[in-house]
Amino acid sequence: EVAGRRAIDALGRAGLRDAERVFTSYSFELSGGMCQRAAIALALCTEPALLIADEPTTALDVTVQAELLRLILTLRDESRMSVLYISHDLGVMANIADTVAVMYLGQIVEMAPVRELLENPMHPYTQKLLQSVPSIDQSHGRLATIPGSVPVPIDLPSGCSFGPRCEQFIPGTCDVRSPGLSEARSDHCVRCFLHSEATEPINE
C-alpha cells in the first residue's frame, strides 16, 4: 500500500492528472506522452541525484515534446537533481542543456557550455552536425552531409576515428595516432589535432 501511494504520487508529479487510473492501466491503454511521463515517474520513485534521460521525447509530436522538456526542467529544479540528457536533437540540447558533450564512436570529441559549443564548434564532426541542421534562412540547396559511413567498431581505422570522413584530415598525423581530449580554450575541450593551442590531454 505504501509503495502504491508513492507510485501514484510520482505519477502525479510527472504531470499525469488521473494518476490513480494510470497506476492500474496497461501501457497499451496510454498515449505515447503518458508512457513517457510514467517512465519519468518510475525514475523519480528512487529520488535520484542524477536522472539519465535517453531520448525521452522520441516519436512524440512537438507540442508533447515541449511539455515533457518543461516537465524535466521543473522536476530538476524541484528535486535539486542533475539530468544527463542523451539526444541527437541539437535544437533540444540548445534549450535544455548547460554543458554539451558531442560523441563519436563512443568517445567524447568535444565538450563545452552549450552556447559556446553552438557558436564556436571546434571539432570537424561537430561543425558538420551543425551545418546539417535545416535553417529558416536557407531557401534552397541541399543540406550539408558528412561523407562516408560510421566505421564498424571491431574494425576501426588507425589514428583518429573520424579521420576517414574528415574534410580537414592531416595525412601523416590523423592516420598515425589518435588525438587526446584537450582543453583548447577555457571550458572548451576538443579531441582534434587541428587545434595546436590545446594543452596537455585531459585524464579520461
Side-chain angles (χ1 to χ4, degrees), residues 50-58 60-77 80-151 159-170 173-174 178-204:
L50 172 65
L51 174 66
I52 300 176
D54 188 355
E55 297 282 10
T57 58
T58 298
L60 300 178
D61 64 59
V62 292
T63 302
V64 178
Q65 182 185 81
E67 291 175 355
L68 275 175
L69 293 178
R70 284 195 296 270
L71 171 65
I72 291 173
L73 292 176
T74 299
L75 293 173
R76 178 200 65 184
D77 296 338
R80 304 188 68 178
M81 66 181 175
S82 298
V83 178
L84 175 59
Y85 197 101
I86 303 170
S87 178
H88 68 281
D89 191 328
L90 293 172
V92 168
M93 303 311 292
N95 288 291
I96 197 172
D98 296 316
T99 300
V100 175
V102 178
M103 299 188 72
Y104 184 78
L105 278 175
Q107 284 189 320
I108 294 176
V109 296
E110 186 165 7
M111 183 168 62
V114 60
R115 193 54 53 192
E116 162 68 15
L117 185 134
L118 294 176
E119 294 178 356
N120 302 295
M122 300 182 74
H123 195 280
Y125 179 58
T126 309
Q127 294 169 358
K128 281 295 186 182
L129 285 179
L130 292 173
Q131 290 169 13
S132 67
V133 177
S135 170
I136 58 174
D137 299 325
Q138 183 177 357
S139 59
H140 57 82
R142 296 177 62 87
L143 291 174
T145 59
I146 302 176
S149 302
V150 178
C160 175
S161 59
F162 187 64
R165 309 181 68 192
C166 182
E167 296 177 351
Q168 303 177 65
F169 178 82
I170 306 172
T173 297
C174 297
S178 179
L181 184 65
S182 302
E183 188 173 44
R185 60 176 69 160
S186 179
D187 294 328
H188 197 148
C189 302
V190 63
R191 188 186 301 275
C192 185
F193 290 121
L194 291 171
H195 302 285
S196 57
E197 69 271 28
T199 59
E200 289 299 312
I202 297 170
N203 291 327
E204 298 180 64

task: Considering non-hydrogen atoms only, spot the tightest contact between Leu50 and Leu84 and give its length.
output: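 Leu50 and Leu84 have their closest heavy atoms at CD1-N, 3.8 Å.
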- request: Indicate the atoms forming the closest heavy-atom contact of Leu194 with Gln168, along with that distance.
  value: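 Taking Leu194 first and Gln168 second, the nearest heavy atoms are CD1-OE1, 3.3 Å.
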Flag side-chain contact, heavy atom, 4.5 Å: [X] against [Y]:
{"X": "Arg185", "Y": "Glu116", "answer": "yes"}
{"X": "Tyr85", "Y": "Asp54", "answer": "no"}
{"X": "Ile146", "Y": "Leu129", "answer": "yes"}
{"X": "Ser161", "Y": "Tyr125", "answer": "no"}
{"X": "Met93", "Y": "Leu118", "answer": "no"}
{"X": "Thr99", "Y": "Val114", "answer": "no"}
{"X": "Asp98", "Y": "Pro113", "answer": "no"}

Any donor and acceptor pair, going by atom type alone, linking the side chain of [X] with main-chain N or O of [Y] inside 3.5 Å?
{"X": "His195", "Y": "Val190", "value": "no"}
{"X": "Ser87", "Y": "Asp89", "value": "yes"}
{"X": "His123", "Y": "Arg191", "value": "yes"}
{"X": "Glu55", "Y": "His88", "value": "yes"}
{"X": "Gln127", "Y": "Pro121", "value": "yes"}
{"X": "Glu110", "Y": "Met122", "value": "yes"}

- request: Identify, with sequence neighbours excluded, every residue that meets side-chain contact (heavy atoms from CB on, under 4.5 Å) alongside Leu73.
  value: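 Partners of Leu73 under the side-chain contact (heavy atoms from CB on, under 4.5 Å) test: Arg76, Ile96.
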task: Identify, with sequence neighbours excluded, every residue that meets side-chain contact (heavy atoms from CB on, under 4.5 Å) alongside Thr63.
output: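 Listed in chain order: Asp61, Glu67.
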- request: May I ask you to decide if the ring planes of Phe162 and Tyr104 are parallel, tilted or perpendicular, using 30° and 60° as cut-offs?
  value: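 It falls in the perpendicular class, over 60°.
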task: Supply the atom-to-atom distance Phe193 CZ to Ile170 CD1, rounded to the nearest 0.5 angstrom.
output: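 Reported to 0.5 Å precision, the distance equals 8.0 Å.
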